[in-house]
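Report on the following structure.
Everything numeric in this text was worked out from a predicted model, so none of it was measured.
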Amino acid sequence: MEKVKLGNSEIEFKPIVFGGNVFGWTVDEQQSFALLDAFVDMGFSFIDTSNNYSHWVPGHTGSESESIIGKWISKRDVRDKIQIATKVGGRHAGNDKPNLKKEHIIQSVDESLLRLQVDTIDLYQSHHDDLSTAIDETLSAYQQLVQAGKVKWIGASNLSPERLKESLVVAEQHGLPTYIAIQPEYNLYDRSKYEKDYEKLAVENHLGVISYYSLACGFLSGKYRSIADVKDVKRADALKDRFNNRGLRILDALAQVAHNQQVAMSTIALAWILHRPSVTAPIVSATSLQQLEELAKATAINLSAEEMSLLNIASIW
């Protein structure tokens with residue numbers, strides 16, 4: 001598959017984004033290096049993380065993912081081969097309030113740059129909306145970072161459609177940096193929020209779209225076919241409510257198309273996203289080389305009109 005461009009930016013990449021939330025959480029540093037090596041060897045380049053991954057793990061500070069990626073970049077000398085996206089303003093261990101105040105952003109970017117061992121962040125994203133901070137204050141912080149060469153482009157994750165619209169207007173009115181990409185939850189199971197609230201907005205404003213939870217926390221991998229299968233899984237709470245009639249219908253459709261294409265169900269789940277015209281690329285996380293290889297195959301899959309129809313009808317909301 002050819003490279004894609006992220007919105008109106010100059011960021012071009014083969015359309016799979018590696019989600020760095022697993023680094024330092026479900027995979028250790030050595031395995032993280034092996035996965036990143038394989039990702040680049042496959043021709044991919046875009047890595048997404050946050051300055052608070054993985055704060056939800058007891059004893060973690062939220063600096064783990066960026067730190068591991070930074071060590072890998074330094075040891076492999078691959079900065080010219082990759083693009084780095086990270087986030088600011090999200091919740092941290094011991095602090096569940098988002099923070100997009102200018103002072104916090106200015107301080108946080110230097111901490112991220114130090115951990116990532118890079119001079120510039122390709123895509124710096126507002127992780128969660130901070131309703132207590134004026135939009136122009138947040139965007140003026142980003143303006144300072146862009147002018148200083150610390151950030152190239154900015155994006156938004158988990159902003160409401162109303163705040164996203166307002167942010168685009170404020171940026172245009174005041175000559176401030178504008179969000180060029182959004183990061184919504186989107187997959188075959190979780191379709192409605194993006195398609196109802198964000199898709200038209202993204203298309204009209206030429207926003208890049210990199211979707212997270214692309215496999216619905218592993219539900220669409222086909223690894224689990226009943227509630228009993230997930231009782232001892234770390235993400236059991238996120239999975240257990242999906243085993244309803246619609247969810248099982250989606251799994252059956254995925255299994256049928258995967259059989260037709262002779263690939264894994266997870267490969268087809270990603271291929272479906274790649275066939276959605278408004279989506280730039282899905283974000284994927286992998287904890288093994290086998291998983292990564294299955295996900296990478298999605299870029300080579302051509303779903304027929306009949307296969308897309310089967311998946312769309314099964315997942316209709």
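Following chains of ILVMFWY side-chain contacts shorter than 4.5 Å, one cannot reach W25 starting from I69, and the two form parts of different hydrophobic clusters. In the hydrophobic clustering of ILVMFWY residues, with side-chain heavy atoms under 4.5 Å counting as a link, Y53 and I82 come out apart. I250 and I227 fall within the same hydrophobic cluster, defined by Ile, Leu, Val, Met, Phe, Trp and Tyr side-chain heavy atoms under 4.5 Å apart, directly or through other members. Taken together through direct or relayed side-chain contacts under 4.5 Å among Ile, Leu, Val, Met, Phe, Trp and Tyr, V118 and V78 form part of one hydrophobic cluster. By the criterion of side-chain heavy atoms lying less than 4.5 angstrom apart, applied directly or through intervening Ile, Leu, Val, Met, Phe, Trp or Tyr residues, L248 is grouped together with V257 in one hydrophobic cluster.
Enclosure of atom CG in L289 by more than 12 non-hydrogen atoms of other residues, nucleotides or ligands within 6.0 angstrom is indicated. Atom CD of Q262 is surrounded by more than 12 heavy atoms from other residues, nucleotides or ligands within 6.0 Å. Other residues, nucleotides and ligands place more than 12 heavy atoms under 6.0 Å from the NZ atom of K14. For CG of N244, the number of neighbouring non-hydrogen atoms (other residues, nucleotides, ligands) closer than 6.0 Å is greater than 12. In this structure, E10 places its CD atom where only 12 or fewer heavy-atom neighbours from other residues, nucleotides or ligands lie under 6.0 Å away.
Residues L215 and A269 come closest through the heavy atom pair CD2-CB, 3.7 Å. Across all non-hydrogen atoms, the minimal contact from L239 to G218 is CD2-C, 4.2 Å. The two atoms that bring G24 and S54 nearest to each other are O-OG, 4.0 Å, heavy atoms only. S214 and L220 make their closest contact through O-CD1, 3.8 Å (heavy atoms, listed as atom of the first residue, atom of the second, distance). A pairwise comparison of heavy atoms in T280 and P15 identifies O-CB, 3.6 Å as the closest pair. Scanning all heavy atoms of the two residues, the minimum distance from A238 to R242 falls at O-NE, 2.9 Å.
Between the CG atom in L270 and the NE2 atom in H275 there is a gap of 12.0 Å [rounded to 0.5 Å]. The structure places CD of Q31 at 9.5 Å from OG1 of T26, a figure rounded to the nearest 0.5 Å. To the nearest 0.5 angstrom, L311 atom CG is 6.5 Å from L303 atom CG. To the nearest 0.5 angstrom, E166 atom CD is 8.5 Å from S160 atom OG. Here the OG-CG distance, from S74 to L116, works out to 11.5 Å after rounding to the nearest 0.5 Å. Here the straight-line distance linking atom CG of L164 with atom CG of L159 works out to 6.0 Å at 0.5 Å rounding.
S65 and T49 are linked by a side-chain donor-acceptor pair at a separation below 3.5 angstrom, with hydrogens and angles left out of the test. A side-chain donor from one of S50 and H127 sits under 3.5 Å from a side-chain acceptor of the other. A donor atom on one side chain and an acceptor atom on the other are not found under 3.5 Å apart for S315 and R246. Residues Y124 and K152 bring no donor and acceptor atom of their side chains to less than 3.5 Å of each other. Side-chain contact check for T133 and K101: at least one donor-acceptor pair (N or O, by modelled atom type) lies under 3.5 Å. Using modelled atom types and a 3.5 Å distance limit, the side chains of Q261 and E307 yield a donor-acceptor pair.
Not counting sequence neighbours, the partners of S285 by the side-chain hydrogen bond (donor to acceptor under 3.5 Å, both in side chains) test are N21. Take S108 and apply the side-chain hydrogen bond (donor to acceptor under 3.5 Å, both in side chains) test, not counting sequence neighbours, and it matches H104.
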Do Q107 and E111 pass the side-chain hydrogen bond (donor to acceptor under 3.5 Å, both in side chains) test, and can you show the C-alpha distance, the side-chain angles, and the key distance before you say yes or no?
-> CA-CA 7 Å; Q107 176 184 339; E111 294 170 349; 3.0 Å; yes
List the steps, then state whether side-chain contact (heavy atoms from CB on, under 4.5 Å) holds for N205 with L201.
-> CA-CA 6 Å; N205 291 278; L201 180 62; 3.3 Å; yes
Worked check of side-chain contact (heavy atoms from CB on, under 4.5 Å) between I84 and I73 = CA-CA 10 Å; I84 290 291; I73 291 173; 4.0 Å; yes
Decide yes or no on side-chain contact (heavy atoms from CB on, under 4.5 Å) for L295 and S266, but give the supporting numbers first.
-> CA-CA 7 Å; L295 300 175; S266 58; 4.0 Å; yes
For the pair S167 and V170, evaluate side-chain contact (heavy atoms from CB on, under 4.5 Å) and give the outcome as yes or no after the intermediate values.
-> CA-CA 5 Å; S167 296; V170 169; 5.8 Å; no
Stepwise salt bridge (charged side-chain N to carboxylate O under 4.0 Å, His left out) test for D190 and K193 = CA-CA 7 Å; D190 303 293; K193 185 175 181 180; over 6 Å; no
Atom pairs and distances, donor-acceptor, side-chain atoms in residues 34-45, under 3.5 Å, two or more places apart:
from	atom 1	to	atom 2	distance (Å)
D37	OD1	W72	NE1	2.8
D37	OD1	R76	NE	2.9
D37	OD2	R76	NE	3.2
D37	OD2	R76	NH2	2.9
S45	OG	Q83	OE1	2.7

Less than 3.5 Å apart, which donor and acceptor atoms pair up between the side chains of residues 138-148 and the rest of the protein, not counting sequence neighbours?
from	atom 1	to	atom 2	distance (Å)
T138	OG1	L100	O	2.8
S140	OG	D136	O	3.1
S140	OG	E137	O	2.8
Y142	OH	S126	OG	2.7
Q143	NE2	G175	O	3.4

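Panel note: side chain T299, backbone A296; a donor-acceptor pair is recorded below 3.5 Å. Side chain of N52 to backbone of R91: a donor-acceptor contact under 3.5 angstrom is found. Judged by distance alone, with hydrogens and angles left aside, the side-chain atoms of E64 form a donor-acceptor pair with the main-chain N or O of T61 at under 3.5 Å.
Inter-residue side-chain proximity for D119 and L113 is flagged as unmet; no heavy-atom pair is nearer than 4.5 Å. Between I301 and V263 the shortest side-chain heavy-atom distance falls below 4.5 Å. Contact check for H55 versus H60: no side-chain heavy atoms found under the 4.5 Å cut-off. Side-chain atoms of D129 and N158, non-hydrogen and from C-beta on, never get closer than 4.5 Å to each other. Residues D252 and Q256 have side chains not in contact (no heavy-atom distance under 4.5 Å, counting atoms from C-beta outward). Proximity of Q125 to Q183: side-chain heavy atoms (C-beta onward) are separated by under 4.5 Å at one or more points. Residues V109 and V88 fail the side-chain proximity criterion, which asks for heavy atoms closer than 4.5 Å. Here the side chains of E66 and T86 are in contact, with some heavy-atom distance below 4.5 Å.
Hydrophobic clustering, defined by side-chain heavy atoms of Ile, Leu, Val, Met, Phe, Trp and Tyr closer than 4.5 Å, groups Y212 together with V4, L6, I11, F13, V17, F46, L123, W153, I180, I210, Y213, I283.
Sorted by first and then second residue, the ring pair (Phe, Tyr, Trp, His ring centres under 6.0 Å) pairs with a member in residues 165-192 read Y186-Y194, Y186-W272, Y189-F219; sequence neighbours excluded.
Here the two rings, on F18 and F23, have centers that are under 6.0 Å apart.
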